[in-house]
Amino acid sequence: MSVDMRDVRVGGTSVRGTLAKRIVSPTDLGEAARIVADAAERDESVAFLGGGTELGLGYAPSRVDVLVKTSQLNRVVEYAPADMVVEVECGITLAELQRALAPHGQRLALDAPYPELATVGGLVATNAFGPRRMRFGTLRDLIVGVSLVRADGERVRGGGKVVKNVAGFDLPKLAVGSLGSLGMIATATFRLHPTPEATRVLRVAACDGPMLATLSRELFARKLEPAAFVAVRNEARASYDAYALFEGFDSGAEEQAVRFEALARDRGLAAERIAEIERPNELDEETRTHGDVRVRVAVPPADVVALERDALAPLARALRDAKTIVYPALGVAFLSGYAADVAAAGSALIGARSVAEGLHGNLVVTDVRDRTLSDAVDPYGTLPSSFFLMQRLKERFDPARRLNPGRFLGGL
Amino acid sequence: MLAVDVFGELSAIVGPKRTIVDPAELRTYECDGLAGVRVRPLAVVLPETTEEVSALCRVAKTHGLPIVPRGSGTGLSGGALPVDGCLLVVLSRMTRILAVDLENRRVRVQPGVINLDVSRAIAADGYYYAPDPSSQSVCSIGGNIAENSGGAHCLKYGFTVNHVVEATIVLADGEIVRVGEAAVDPLGYDLIAAVVGSEGLVGIVTEAVVRILRVPEATRTFFATFPSTDEAGACVSEIVAAGIVPAAVEMMDALAMEAIVKSTGVDWPLDVGASILMDVDGTRAEVDHTANAAVEIATRTGAIEVRTPKNDAERALMWKGRKGAFAAMGRVGPNYYVQDGVIPRSEISKVLREIAAAASREGLRVANVFHAGDGNLHPLVLYDARVPGEEHRAETVAGEILRICIRYGGSITGEHGVGVDKAVYMGELFTDADLETMNFVRCAFDPERAFNPGKVFPTPRLCGDVPGTYAPHAVEAAGVGRG
């Protein structure tokens with residue numbers, strides 16, 4: 001793994017540059033709720049800190065009176081292997097959770113970056129995903145229950161511990177991606193999947209944008225079911241290396257691998273088998289944790305060629321040492337690099353965003369270190385027309401605007 | 001009686017033919033799939049466009065009429081049951097499939113489109129729409145969105161909320177708003193999650209974009225019989241423990257099988273205690289492996305007989321039997337009450353025994369047909385409405401079943417919704433603060449609670465800090481009772 005640990009601001013005392021006045025680290029959920037309730041009484045603002053791996057998201061909060069570190073809230077609350085459901089406290093890391101599940105041949109089907117650092121609370125708050133999204137979706141598709149500490153300190157829950165449940169409004173999914181602005185994510189309950197018996201990873205080197213689109217289309221046309229299909233930009237060769245990951249029982253994974261080799265051959269390319277089974281996952285992490293400016297771009301999957309040509313390539317040229325990973329079948333890409341020339345980086349970011357928005361997509365700046373650049377480029381871009389409903393939700397959940405105030409979309 | 005001016009305003013929008021106020025005609029709309037509860041709406045309107053729905057909501061607002069949206073009216077929890085004095089907005093004429101986008105795997109539909117028609121429209125291209133409630137040949141996408149419908153195959157593929165990516169909704173003041181994004185990750189809060197499963201409490205969906213999936217390369221089905229539901233339950237648990245993710249696993253007990261055999265003519269044996277119907281799907285070699293492994297597990301866990309269909313027609317017949325289970329109940333009892341509860345899968349055997357005990361205490365029988373893979377029970381409480389008191393005893397049993405589900409850490413509904421039928425149990429599943437928080441969501445969309453008042457929440461809930469004074473509608477204050 002080549003993760004640059006200098007980029008992880010664990011134990012930080014600020015959120016997007018806003019210094020926390022006080023940092024607390026509760027040891028149980030009751031204490032966490034009391035901290036939030038006390039803050040409410042004093043009209044103090046509260047923000048939450050997990051592994052600190054996504055602190056670059058959003059705007060600088062207007063104030064952080066109390067920063068609640070969740071690292072000591074790391075228990076497995078309930079794990080029923082026979083039901084393939086687990087409830088955990090927010091501060092447990094993804095890797096720790098996976099280690100608890102592994103002896104039972106189960107896993108949370110989520111391969112987000114920084115598993116040793118990223119906490120469940122943070123993963124929920126940011127709707128995390130990795131390359132296996134192709135098969136399993138994002139955290140939104142895996143969560144079945146949540147308990148929250150509300151702005152007033154009240155502990156509430158939604159969903160439950162069974163996978164199938166339509167009783168009441170879907171608070172778990174509303175918490176997903178809410179960036180700590182609706183409440184503290186205290187515990188989360190997930191559906192689990194079996195750990196596959198076998199894995200095959202294949203690489204097709206030197207693809208251009210149109211070839212990525214072709215391979216993606218062919219995967220569907222031939223009814224293959226990869227767990228992941230991602231393409232990593234090789235800047236030196238000005239092309240992409242595409243990786244397909246097949247999981248399942250041994251005979252099934254092998255058959256898919258053989259058919260993928262045939263698929264590549266039919267296009268005049270060679271699919272090479274890669275030994276390291278976690279490869280696409282690591283490549284994804286490398287890109288998403290690299291550089292001093294990072295973005296996530298999403299467009300309709302059919303527009304992936306335009307995305308690559310008109311948004312990603314120019315942006316990569318404007319940054320030093322750029323890394324790019326594309327999920328061609330999903331129309332999603334991550335790009336990171338160093339803003340050596342801040343003015344050029346700024347205009348390239350704005351240009352790439354305008355391309356993405358022109359395709360009915362979006363570009364989110366997920367991290368940016370340079371203050372000038374950060375001021376020049378909005379983290380989110382054009383607000384959705386439904387933003388007024390989001391404002392109304394925020395007003396209901398947090399009427400005094402004390403939860404991570406100003407950090408989320410549109411300054412919610 | 002409807003004031004003439006309101007009729008005039010409604011019919012000015014949708015025309016007199018699509019404005020129903022005649023008491024005889026209104027009768028059709030007095031109830032949905034929830035048997036035994038009827039409330040006459042003030043008026044029924046049948047809009048055909050988003051703009052018409054918007055204009056209708058403005059009229060309702062002007063006159064202070066509650067609004068109840070309705071799709072095909074097949075819901076089993078009373079979600080589309082009128083409330084007294086309401087404007088019932090029926091979306092069943094909005095049946096156009098607006099766009100098929102195979103490259104992005106999306107279909108844009110109007111809310112009245114029938115679930116199965118989405119799959120039919122794309123079948124030739126090798127795609128399908130995954131959520132498959134048993135009523136899929138008659139229920140509408142709009143209703144599926146309101147209820148977050150599931151179905152047998154949601155075990156592997158997820159529920160409606162996992163397949164709707166964009167919705168156009170009309171709010172109570174007539175405002176038209178688009179939530180979600182057709183093909184990309186939307187920014188901000190997950191408003192789709194707020195709308196899907198909201199049971200008609202936040203707005204009227206007038207257009208939706210749904211994800212479609214590739215039809216899997218291979219599907220293997222098998223049907224196995226067991227001495228009792230204990231062995232059948234153990235079989236399901238072992239299959240799951242072996243790392244197999246079935247596309248669907250359905251279980252039926254002896255009484256349910258008897259009804260299905262009598263009703264559909266499938267040649268299932270009647271001298272067994274339970275059966276399982278299971279699908280695995282995926283790529284060919286993977287499915288060969290999982291199907292063989294599952295059959296082996298069935299045999300090992302005590303299956304009396306395992307049948308695999310020889311062709312698609314045989315497979316279709318097996319599934320027809322399962323999906324026709326509710327309708328078949330008339331063969332074993334004059335009336336039945338469909339319950340919908342969820343329990344952790346591993347507790348199936350214990351819960352079934354408790355349900356049987358609860359029924360026998362009231363002198364009734366329960367047939368069980370359920371989605372065993374995810375612990376979603378559908379006990380069918382059989383009764384004879386002609387026998388005084390029996391209907392009431394059936395309701396007692398049905399209620400007791402929900403309490404059993406709650407006690408085992410499950411839920412009071414896996415796919416039918418809360419509606420009016422189960423609102424009273426919400427307070428047993430959730431705390432007051434939980435419900436208050438859910439009410440935040442509703443109030444953000446509909447601060448005056450014009451939509452579907454009296455549903456889902458056990459007691460009328462105010463929205464608070466809304467500018468101006470709000471008087472709850474008489475119906476909401478009184479609650480909507482059962483008939």
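Throughout, a chain's letter reflects where its sequence line sits, starting with A, and its residues are numbered from 1. Only a predicted model underlies this, so the values are computations on that prediction, with no experimental measurement involved. Scope of the values below: all heavy atoms of this structure, side chains included, with no hydrogens, waters or symmetry mates.
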Return yes if a side-chain donor-acceptor contact under 3.5 Å exists between R178(B) and S386(A), otherwise no. no
Portion of [X] that has a non-hydrogen atom of chain B nearer than 4.5 angstrom:
X       : result
V364(A) : side chain
F246(A) : neither
L179(A) : neither
L393(A) : both
E225(A) : both
F408(A) : side chain
A175(A) : neither
A80(A)  : neither
T138(A) : neither
F388(A) : side chain

Residue pair [X] / [Y]: nearest heavy atoms and the distance that separates them:
X       : Y       : value
D190(B) : L174(A) : O-CD2, 3.7 Å
T283(B) : K223(A) : CG2-O, 3.4 Å
R157(A) : L429(B) : NH2-O, 2.9 Å
D434(B) : R155(A) : OD1-O, 4.4 Å
V177(B) : S385(A) : CG2-O, 4.4 Å
N148(B) : V166(A) : O-CG1, 3.6 Å

Measure [X] against the heavy atoms of chain A and call it side chain, backbone, both or neither at under 4.5 Å.
X       : result
A433(B) : both
T290(B) : side chain
F159(B) : side chain
E181(B) : side chain
A242(B) : backbone
T431(B) : neither
F457(B) : side chain
H416(B) : backbone
E147(B) : backbone

Is R133(A) salt-bridged to D185(B), going by a charged N under 4.0 Å from an acidic O? yes
Lys/Arg N to Asp/Glu carboxylate O, E255(A) vs R284(B), below 4.0 Å: no
Who wins among [options] for the most heavy-atom pairs under 4.5 Å with chain B?
options                            : value
A356(A), A221(A), G105(A)          : A221(A)
G410(A), A298(A), A167(A), S181(A) : A167(A)
P301(A), G160(A), P196(A)          : P301(A)
P172(A), G252(A), G177(A), G381(A) : G252(A)
E154(A), R140(A), M84(A)           : R140(A)

Within 45° of the six-membered ring axis of F440(B) and under 6.0 Å from that ring's centre, is NZ or CZ of R392(A) located there? no
Interatomic spacing from [atom1] in [X] to [atom2] in [Y] - rounded to 0.5 Å:
X       : Y       : atom1 : atom2 : result
R105(B) : L330(A) : CZ    : CG    : 7.0 Å
K164(A) : I343(B) : NZ    : CD1   : 12.5 Å
E217(B) : L224(A) : CD    : CG    : 7.5 Å

Might you work through the side-chain contact (heavy atoms from CB on, under 4.5 Å) test for F220(A) and L213(B), ending with a clear yes or no? CA-CA 10 Å; F220(A) 282 97; L213(B) 302 181; over 6 Å; no
With sequence neighbours excluded, tell me which residues meet side-chain hydrogen bond (donor to acceptor under 3.5 Å, both in side chains) with N362(A). none
Any side-chain heavy-atom pair from [X] and [Y] closer than 4.5 angstrom?
X       : Y       : result
V184(B) : H360(A) : no
V342(B) : K161(A) : no
D374(B) : R191(A) : no
P447(B) : R396(A) : yes
I244(B) : P194(A) : no
F387(A) : L187(B) : no
R217(A) : E103(B) : yes
T437(B) : R150(A) : yes

Between the side chain of D83(A) and the main-chain N/O of R345(B), is any donor-acceptor distance below 3.5 Å? yes
Ring pair (Phe, Tyr, Trp, His ring centres under 6.0 Å) against F169(A), all qualifying residues, sequence neighbours excluded: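 With neighbours one apart ignored, the set is empty.
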As a test of understanding, state which of L171(B), V202(B), V195(B) forms a side-chain contact (heavy atoms from CB on, under 4.5 Å) with L389(A). L171(B)
What option among A293(B), S77(B), G282(B) has the most heavy-atom pairs under 4.5 Å with chain A?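 Top option by heavy-atom pairs under 4.5 Å: G282(B).
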Could you go through V441(B) and F397(A), starting from their C-alpha distance and side-chain angles, then the distance that decides it, and tell me whether this counts as side-chain contact (heavy atoms from CB on, under 4.5 Å)? CA-CA 8 Å; V441(B) 182; F397(A) 277 80; 4.0 Å; yes
Worked verdict on E286(B) versus Q256(A) for side-chain contact (heavy atoms from CB on, under 4.5 Å): CA-CA 9 Å; E286(B) 184 77 13; Q256(A) 292 211 73; 5.5 Å; no
